[in-house]
Enquirer: 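Sharing a structure with you now.
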Amino acid sequence: SDAGSQKERVVTEEEWLQKWEMGNIGFHKEQGHPLLQKYLDVLLNGRSGLRIFFPLCGKAVEMKWLADMGHNVVGVEVSEQALKDFFSEHGLPYCEEPVPEISGGKLFQSTSGNISLYCCSIYDLSSSIVGKFDGVWDRGALVAVNPCDRQRYASLMINLLEKNSSYLLVTVSYDPNKHKGPPFYVPESEIKSLFG
C-alpha cells in the first residue's frame, strides 16, 4: 500500500502537451468508459439538466454523450489540441475566447452552449470562474495529478461541488514499485483522507 517510488514523481505540463502532440494518448477511450455507463444512475441520481465537471478532460467522448442527454458539461484540459480535436471529431461548431481571470487561459464553447472547455491548468480554476457542479466524472484526473499536488487537487474539487453532488472516481490498482506512473496508484485510505 506504499506509494513507493512514485511519491516524488512530477510530470510537467510540457510532458502532458508532448503526449498530445505525439499522439501518445493511450489513456483516451474512443468508446467512452464502461464504468460511467454502469454508474450513470449514481451520478445523475434521478436528476436532469445537471452541471457536470470533467477534470483533465482531454477529448473524452463522454462529454458529448452527457451533453446530448441535456446536461451542461464543463471540462478543463491543458492541451489546446485535445480540446480542438474533441470539437472536430464530433463535428461540433464552437467559439474560442480568452478567460480574463486566467493569464493565457482560453474557453472553447460549443455554439449550442452546453459544452464549455477551459484550456489552462486546473489549478487556475475556481468556483468564481466556473461555478459549482452537481456531478464530477473523474476518470483519469486524480491518478494523473502529481502525488505532491493531490491535497491541492482534492481541495479544489471539494470547493467546486454543490451540496448534493455526486463524484464518480476511477482509480487504478497495481504495485507502485513496478510502474512509475502516471497513472499513479492512489490507495483507498488516501482517497478517504483526501475527500472524507
Enquirer: I'd like to check T171 versus E188 (side-chain heavy atoms, cut-off strictly below 4.5 Å). Are they in contact?
Expert: no
Enquirer: Of all the heavy-atom pairs spanning A67 and V73, show the shortest one and how long it is.
Expert: N-CG2, 3.9 Å
Enquirer: Does any non-hydrogen side-chain atom of L194 lie less than 4.5 Å from one of L142?
Expert: yes
Enquirer: Say whether, by atom type as modelled, one donor and one acceptor occur between the side chain of Y174 and the main chain of Y185 under 3.5 angstrom.
Expert: yes
Enquirer: Could you check if a side-chain atom of P147 sits within less than 4.5 angstrom of a side-chain atom of K7, using non-hydrogen atoms only?
Expert: no
Enquirer: Using atom types as modelled and distance alone, determine if a side-chain donor or acceptor of N146 lies under 3.5 Å from a backbone N or O of C148.
Expert: no
Enquirer: List the steps, then state whether side-chain contact (heavy atoms from CB on, under 4.5 Å) holds for H90 with V61.
Expert: CA-CA 8 Å; H90 292 285; V61 297; 3.9 Å; yes
Enquirer: Crowded around F27 CZ? As in, over 12 foreign heavy atoms under 6.0 Å?
Expert: yes
Enquirer: Determine the minimum heavy-atom distance between M157 and I122, stating which atoms define it.
Expert: SD-CD1, 4.3 Å
Enquirer: Taking side chain as C-beta onward, heavy atoms only, is V136 less than 4.5 Å from L169?
Expert: no
Enquirer: Over all heavy atoms of both residues, which pair between K106 and V99 is shortest? Give the atoms and the distance, please.
Expert: C-CG2, 3.6 Å
Enquirer: Do side-chain atoms of K38 reach the backbone of H33 as a donor and acceptor pair under 3.5 angstrom?
Expert: no
Enquirer: Heavy atoms only: give me the nearest I115-M63 pair and the separation to one decimal.
Expert: CD1-O, 4.3 Å
Enquirer: For a side-chain contact (heavy atoms from CB on, under 4.5 Å) check, start with the C-alpha distance between V74 and R51, then their side-chain angles and the critical distance, and finish with the verdict.
Expert: CA-CA 7 Å; V74 177; R51 293 192 80 231; 3.5 Å; yes
Enquirer: Take atom CD of Q81 as the centre, draw a 6.0 Å sphere, and report whether it contains more than 12 heavy atoms from other residues, nucleotides or ligands.
Expert: yes
Enquirer: Is the closest side-chain heavy-atom distance between P182 and R9 below 4.5 Å?
Expert: yes
Enquirer: Looking only at heavy atoms, which two atoms of Y118 and I129 are closest? And how far apart?
Expert: OH-O, 3.8 Å
Enquirer: Please give me the minimum heavy-atom distance between V145 and F184, naming the atom from each residue.
Expert: O-CD1, 3.3 Å
Enquirer: Quick check on E14: does its CD atom have over 12 non-hydrogen neighbours (other residues, nucleotides or ligands) under 6.0 Å away?
Expert: yes
Enquirer: Cation-pi check, R152 to Y123: give yes when NZ or CZ is under 6.0 Å from the six-membered ring centre and within 45° of the ring axis, no otherwise.
Expert: yes
Enquirer: State, yes or no, whether a side-chain contact exists between K84 and E96 at a heavy-atom distance under 4.5 Å.
Expert: yes
Enquirer: For P34, does its backbone N or O pair with a side-chain atom of Q37 as donor and acceptor, under 3.5 Å?
Expert: no
Enquirer: Tell me, do D134 and R47 make a side-chain contact under 4.5 Å, heavy atoms counted?
Expert: yes
Enquirer: Flag the pair W137 / L35 as yes when at least one side-chain heavy-atom distance between them is below 4.5 Å, and no otherwise.
Expert: yes
Enquirer: Is it true that a side-chain atom of Q6 and a backbone atom of H179 form a donor plus acceptor pair closer than 3.5 Å?
Expert: yes
